[in-house]
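Along the sequence shown, the residues carry numbers beginning at 1. Hydrogens, waters and symmetry mates play no part in the numbers below; they use all other heavy atoms, side chains included.
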Amino acid sequence: MRRGNGWRLAGILALVALAAIVLYATPMRFGLDLQGGVHVVMEVQETEGTRVTDDVVQRTQAVIERRINALGVAEPIVQRQGDRRIIVELPGVHDQQQAVETIGKTALLEFKDPNGNTVFTGSVLQTATLSQDEFGRPAVAITLDREGARQFAELTGRYAMTQQPLPIVLDGEVLVAPVPQEAILNGQAIITGGFSIEEARQLAVLLQSGSLPVPLDVMEIRNVGPVLGQESVQRSLNAGIIGILLVFVFMTMYYRLPGGVASVALLFYIAFVMAVLVGLRATLTLPGIAGLILSIGMAVDANVIIFERVKEELRSGKRLRASIDSGWKRAFVAILDANVTTLITALVLFYFGTGPVKGFAVTLSIGILLSMFTAIVVTRTLLQVMVDRNPDRFVRYFGVKEALQ
């Protein structure tokens, strides 16, 4: 075995081991169509001082998206319906009440004086994070911007040592009413209120993502089951396994030794793709599965192009090692052209698409890049490691009669 092949083989096996560890340690995230979730339809409502315009609806949608992203919900869908309605789909979330509270809460934070007058609002809020109070209980740490810090210092300084509480109010409900002992100059404070960890985290999300510009009414809310259903998912999985096995059988019977090696490399490829998706915390959806299957087909196609080039080199009278090197070089240009054009299409879909379309584009892009790596590096390395031991013996397993003469 040539030293370069040995190092490449060791690197490939290390990548396979790493992929196995990632897949074992981290569960795959599934979209609404595979695991179900909550479907909510909300309608923007006018207030006395705010009319519903296209800009107001867009800002409301942006706040909802920030809140959902902060919660870490996998592959959420937030889209407009008509002039006033917003549809939200949350995969893996089945608590309807919690979903509505997180999405639709106005989250208006007010800092008031002892007389109940609002001195300033949460618009001056810079950060809001999960924290603990002096007793280790869940709380929310807030940091105000420069203007907010100035106003907070003035407010706390004015009422320091007066034993008068300064209410901090969220949506009309008093969260905490601290009694300042001195002026707070750094613009930082801790909001307590007997929260659980989940309540404190949710409050931090609401404050950090910003207030909704207008209130929302829930028009429809329902739990959604998987689009395919458990039985259909299992059937699809079985069909995929059978299809891959048939590809393995065809490749091995038609291309013999190279086909068998390509089948092993294809298993490595599937492990690589799944590990990358899991590592990126991507969400697997039905369109994503379609992209994965398409990329598997392209990986097989690349191997077919390479093996046909190798067979042509063998028929021309070249030795096996030279045929493998030349075949891979000749096939590289065709493989690169095909994959780059498909990758450009995937990037366009990702840039202009939304929701499931982006999921399809991400899966397809990752699959294309890894299929090229598998065909050009993995399959070639495995094949060279085998034939380097005895090229004259292994040439008969390439299915080319002319090479044996």
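If you take CD1 on I324 and CZ on R319, they are separated by 12.0 Å, rounding to the nearest 0.5 Å. Here the CE-OH distance, from M274 to Y269, works out to 10.5 Å after rounding to the nearest 0.5 Å. Taking CD of E308 as the start and CG of N303 as the end, the distance is 11.5 Å to the nearest 0.5 Å. Distance check: T342 OG1 to L347 CG gives 11.0 Å after rounding to the nearest 0.5 Å. Rounded to the nearest 0.5 Å, atoms CD1 (I86) and CD (Q61) are 5.5 Å apart. Atoms CG and CZ, on D337 and F332 in that order, are 9.5 Å from each other to the nearest 0.5 Å.
Minimum interatomic distance between I305 and A334 (heavy atoms only, all atoms of both residues): CG2-CB, 4.5 Å. Residue A331 comes nearest to R309 through the heavy atom pair CB-CG, 3.9 Å, listed as atom of the first residue, atom of the second, then distance. Nearest heavy atom pair, residue A262 against residue M251, reads CB-CE, 4.1 Å. Taking both residues in full, the closest heavy atoms of L130 and R201 are given as CD1-N, 3.8 Å, listed atom of the first, atom of the second, then distance. Across all their heavy atoms, V378 and A265 have their closest contact at CG1-CB, 3.9 Å. Across every non-hydrogen atom of A141 and I190, the tightest pair is CB-CD1, 3.6 Å.
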Requested in this report: Take Y254 and V304 through the test side chain to side chain contact (heavy atoms under 4.5 Å, CB included) and record every step on the way to the result.
Outcome: CA-CA 10 Å; Y254 190 81; V304 169; over 6 Å; no
**Report entry** Worked verdict on T341 versus T345 for side chain to side chain contact (heavy atoms under 4.5 Å, CB included)
**Finding:** CA-CA 7 Å; T341 52; T345 303; 5.8 Å; no
Report task. Determine, step by step, whether F373 and L15 satisfy the side chain to side chain contact (heavy atoms under 4.5 Å, CB included) criterion, reporting the C-alpha distance in whole Å, the side-chain angles of both residues, the deciding distance to 0.1 Å, and the verdict. Result -> CA-CA 12 Å; F373 170 77; L15 289 176; 4.0 Å; yes
Requested in this report: Any chance you could lay out the side chain to side chain contact (heavy atoms under 4.5 Å, CB included) test for I366 and L280, step after step, and finish with the verdict?
Outcome: CA-CA 11 Å; I366 293 172; L280 294 176; 3.8 Å; yes
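A salt bridge links D54 and R80; the closest N-O separation between the charged side-chain nitrogens and carboxylate oxygens is under 4.0 Å. Between R150 and E147 a salt bridge is recorded (basic side-chain N to carboxylate O distance below 4.0 Å). Salt-bridge check for E154 with R158: passed, with a basic side-chain N closer than 4.0 Å to an acidic carboxylate O.
Using a distance-only test at 3.5 Å, with no hydrogens or angles considered, a donor-acceptor pair links the side chain of N339 to the main chain of I335. Side-chain atoms of T156 come within 3.5 Å of backbone N or O of I184 as a donor-acceptor pair. With W328 contributing its side chain and V310 its backbone, the two residues share no donor-acceptor pair below 3.5 Å. Remark: the backbone N or O of F135 is paired with a side-chain donor or acceptor of D133 at under 3.5 angstrom. T379 places a side-chain N or O within donor-acceptor distance of the main-chain N or O of T374, the cut-off being under 3.5 Å. Between the R380 side chain and the L383 main chain, no donor and acceptor come within less than 3.5 Å of each other. Formation of a donor-acceptor pair under 3.5 Å by the T252 side chain with backbone atoms of V249 is not found in this model. Although no hydrogens or angles enter the test, the distance criterion places no donor-acceptor pair under 3.5 Å between the side chain of S326 and the main chain of A322.
At a threshold of 4.5 Å between non-hydrogen side-chain atoms, the residues V88 and M42 do not count as touching. Between R146 and Q126 the shortest side-chain heavy-atom distance does not fall below 4.5 Å. Considering only heavy atoms from C-beta on, Q151 stays 4.5 Å or farther from F111 through its side chain. You'll find the side chain of P114 reaches within 4.5 Å of the side chain of Y159, heavy atoms only.
None of N117, V119, V169, L166 except one satisfies the side chain to side chain contact (heavy atoms under 4.5 Å, CB included) rule with K112; the exception is V169. Of the listed residues (T129, N186, T127), just one forms a side chain to side chain donor-acceptor pair (under 3.5 Å) with T143, and that residue is T127.
Heavy-atom neighbours of L336 CG from other residues, nucleotides or ligands within 6.0 Å: above the threshold of 12.
The aromatic rings of F250 and Y255 sit perpendicular to each other, their planes meeting at more than 60°, with 30° as the lower class boundary. The aromatic rings of F268 and F272 lie tilted to each other, with the angle between the two planes from 30° to 60°.
With no hydrogens or angles considered, a side-chain donor-acceptor pair links Q384 and D325 at under 3.5 Å.
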